[in-house]
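Written out below as structure tokens is the structure these notes cover.
Every chain is numbered from 1 and lettered A, B, ... according to where its sequence line falls, protein lines coming before strand lines. Computed from heavy atoms alone, side chains included, the values below leave out hydrogens, waters and symmetry copies.
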Amino acid sequence: MDFVAAKFSDFLTYTGFANVEWANIIMIAVGAFFIWLAIKKDFEPLLLIPIGLGIILGNIPFKAAGLEIGLYEDNSVLNIFYQGVRQGWYPPLVFLGIGAMTDFGALIANPKLMLIGAAAQFGIFGAYMIALAMGFEPNQAAGIAIIGGADGPTAIFLSSKLSPNLMGAIAVCAYSYMALVPVLQPVVMKLLTTKAQRRIKMKSPRQVSQTEKMLFPIVGLLITTFIVPSGLPLLGMLFFGNLLKESTKTTRLAKTAGSALNDIVVMLLGLTVGCSTQASEFLTLDTIKIFALGAFAFIIATASGVCFVHIMNLFLSKDNKINPLIGNAGVSAVPMAARISQNEGLKADSHNYLLMHAMGPNVAGVIGSAVAAGVLLGFLS
Amino acid sequence: METYHSKKMKKLLSILSLLAVSAAAMAQGAHDFRINEVFVLGCPKACMQSEAGDSGCVAPADARCMRPSLLKDEYGEPASWIEVENTSYSTHEIRNCFITTNKAVLDPKMPAPEREKLMSVIPAGDPRTLIKAKQRITFFVGNRNRGTLHTTCVVELKAGEENWIALYDGNAVDLLDSVTVPAMQPGQTYARLSDNTWQVCEASEATPNGPNQEYHNDKIREFKEKDPHGFAMTLMCMAVVFICLAILFLFFQGFGLLLAKIVNKVTKPVVQPVVNAGERVVEVAKQATMETKGIPMETYTAVIGLALHEYFGGTHDIESGIITIHQNLHSSWTDKSHELRQTPQHHIATPENHTSK
């Protein structure tokens, strides 16, 4: 009987109840909140559900007894999954899927929209300057600032290289704000545009030939990677995925990259990023600062995109004016940002469809943020 | 026959391209190894005479200067050593390379077998010879019978004298790296610094199997000092992002115009009459005469629509124009399924479809 009692009391020391701390409870509540946002409010469920459950999973208290179960314990299953984040091979795989799913036609039809995608990257560097002013080191500031690119995989890729200790907070922040794009961006867009400007109707884009679509990933790859070789993993995979799609000869591969492979990677990425936010690492003052900086980065990125369209319009003829509502799409949250341009456009004029126009800067934003990450990596690593 | 040849050709081409890729991959490796630090055991003769131990050549004075275990071999005995670094960012195998201290091998006419006699080969079969990126391996001089990390007796480092050390590739001909170590005081090492210069270091600074200098990310420090507000970084990065996307913009703007010209040239003879008709109709409409002159209004709409579409540069996707017809190899003679009908549907009699005769 004593034996049973001793063993049972020993077993009790292993349970979550015996090891729980307030910080764990707070993080589990945060995870549950993310899941609620995803299910009830439909905020990026594909990302927030894995991240939310990951946060809960990573904060289940247990006794460190070498059971190889925790994310940070060598050889545990979660640790093996986490290598994809830590070593940075999930983000390029996600980019492969993005490339295989993206139609660059809107961008090729109206190439000047690429410049909006470039302008919106000012969000990254605006946040970089603020982060430096807040006392972060240049490498940490760069990792945080990349949140402004509104690109989760890029944020994970860069922070895993430059500021691995902040990666969990940066990743959760990046994905949270991506989910909050429909809340953040419309306010900035309305503030920076007049009603008349919101009603500008753009000329319908020309149709793009398959030759141009096939040429785009090859030319894009050569130009961007020759200038920024440090962006090779992201840009290489993005354009590779797109070539699979546009070559028309590898439809099966493109389909796999854009669906099954991408889904698997997103699941593992979301789950392990969520798991990495263990209370001891996550509930710090730095995390609050990162969230504040992330919001700044998104606002600056949106504002700079919209303002850049105003500047472009100064040089364009009356018939070729660009609706400034597509400026927000310069961030690389595809296709959410473009969808917001469409919705805001329809609110101003129920016959003004901006989706296809907004897709141009939106996909340019993907390239732009990957280039920006590559440049930062080149300068600071 | 042609198909057979083209298939064979394709196969040959793919094998050749695979070989080319593999050859390129294999060509790298050994050339990334370099001598990184050298320690010559020994002390001036006076010191040796007064303090020499049982082993004769071992100098206790030298041993006293040493940090425990750092300058000793795996048996705990002091020994001269040569540290080799893999300078690349990938893992490479150093087995079968050669270490020598005999300058006679510099004679280019000396045949490889003769060279090998003057060199100590790094044996295969030890996992420690697989060196990861930016990692180092230390070879102790002499006493090969003590294991892979010990050289044969042909390698000699003489205390208080200048020593020449060379690392050769597996063919014993290609020199990978060499260094002339000056005469040093007991307990000193000769180490390569990050700027590729060499420096005599004290024993307390010796770093066998470790980097010779503490690693600092100078880039981060430089940015922190010279660009504390991030303006320079912002300016440079934004310029690079704009340049990348501006070049893409210019390329596709130009290419799009070129392609439009080509497409217009090809399609002009076909669409021109339609465009002309459309323009005439637009002119008529401009005259504000709402008469249709006997032509149905739908025709006007269609022609105006098409004309405007062409006028505004609308081009159709270029189709391949190839229709593939798969030949059915089977007929009713060879495949019975051709004779079968689909499962007949049950005809349910309802008041609507039931008709009594």
Name the region of [X], side chain, backbone, both or neither, that has any atom closer than 4.5 Å to a heavy atom of chain B.
{"X": "Ala119(A)", "answer": "both"}
{"X": "Ala133(A)", "answer": "neither"}
{"X": "Glu137(A)", "answer": "side chain"}
{"X": "Leu115(A)", "answer": "both"}
{"X": "Phe216(A)", "answer": "both"}
{"X": "Tyr128(A)", "answer": "side chain"}

[X] versus [Y], closest heavy-atom pair with distance:
{"X": "Lys219(B)", "Y": "Phe379(A)", "answer": "CD-O, 3.2 Å"}
{"X": "Cys244(B)", "Y": "Val371(A)", "answer": "SG-CG1, 3.9 Å"}
{"X": "Phe255(B)", "Y": "Glu212(A)", "answer": "CE2-CG, 3.4 Å"}
{"X": "Arg206(A)", "Y": "Gly256(B)", "answer": "NH2-CA, 3.5 Å"}

More than 12 heavy atoms from other groups under 6.0 Å of [atom1] on [X]:
{"X": "Lys134(B)", "atom1": "NZ", "answer": "yes"}
{"X": "Phe296(A)", "atom1": "CZ", "answer": "no"}
{"X": "Arg86(A)", "atom1": "CZ", "answer": "no"}

Could you measure the distance from the [atom1] atom of [X] to the [atom2] atom of [Y]? Nearest 0.5 Å is fine.
{"X": "Phe249(B)", "Y": "Ile223(A)", "atom1": "CZ", "atom2": "CD1", "result": "12.5 Å"}
{"X": "Asn110(A)", "Y": "Phe252(B)", "atom1": "CG", "atom2": "CZ", "result": "13.5 Å"}
{"X": "Phe223(B)", "Y": "Leu376(A)", "atom1": "CZ", "atom2": "CG", "result": "9.0 Å"}

### Query
Using a cut-off of under 4.5 Å for heavy-atom pairs, which of Val240(B), Ile243(B), Leu248(B), Ile247(B) has the most such pairs with chain A?
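Highest number of pairs under 4.5 Å: Leu248(B).
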### Task
Output the residues of residues 224-237 of chain B for which the shortest heavy-atom distance to chain A is under 4.5 Å, in residue-number order; output 'none' if no such residue exists.
Lys224(B), Asp227(B), Pro228(B), His229(B), Gly230(B), Phe231(B), Met233(B), Thr234(B), Met236(B), Cys237(B)
### Message
Are Phe308(A) and Phe242(B), when compared by the centres of their aromatic rings, separated by less than 6.0 Å?
### Response
yes
### Top contributor to chain B contacts, counting heavy-atom pairs under 4.5 Å, from Val219(A), Ile108(A), Leu113(A)
Val219(A)
### Task
Could you tell me which of Ala364(A), Gly220(A), Pro205(A), Pro111(A) has the largest number of non-hydrogen atom pairs under 4.5 Å with chain B?
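It is Pro111(A).
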### Check: Leu215(A) and Phe251(B) side chains under 4.5 Å, non-hydrogen atoms
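Result yes, sub-4.5 Å side-chain heavy-atom pair found.
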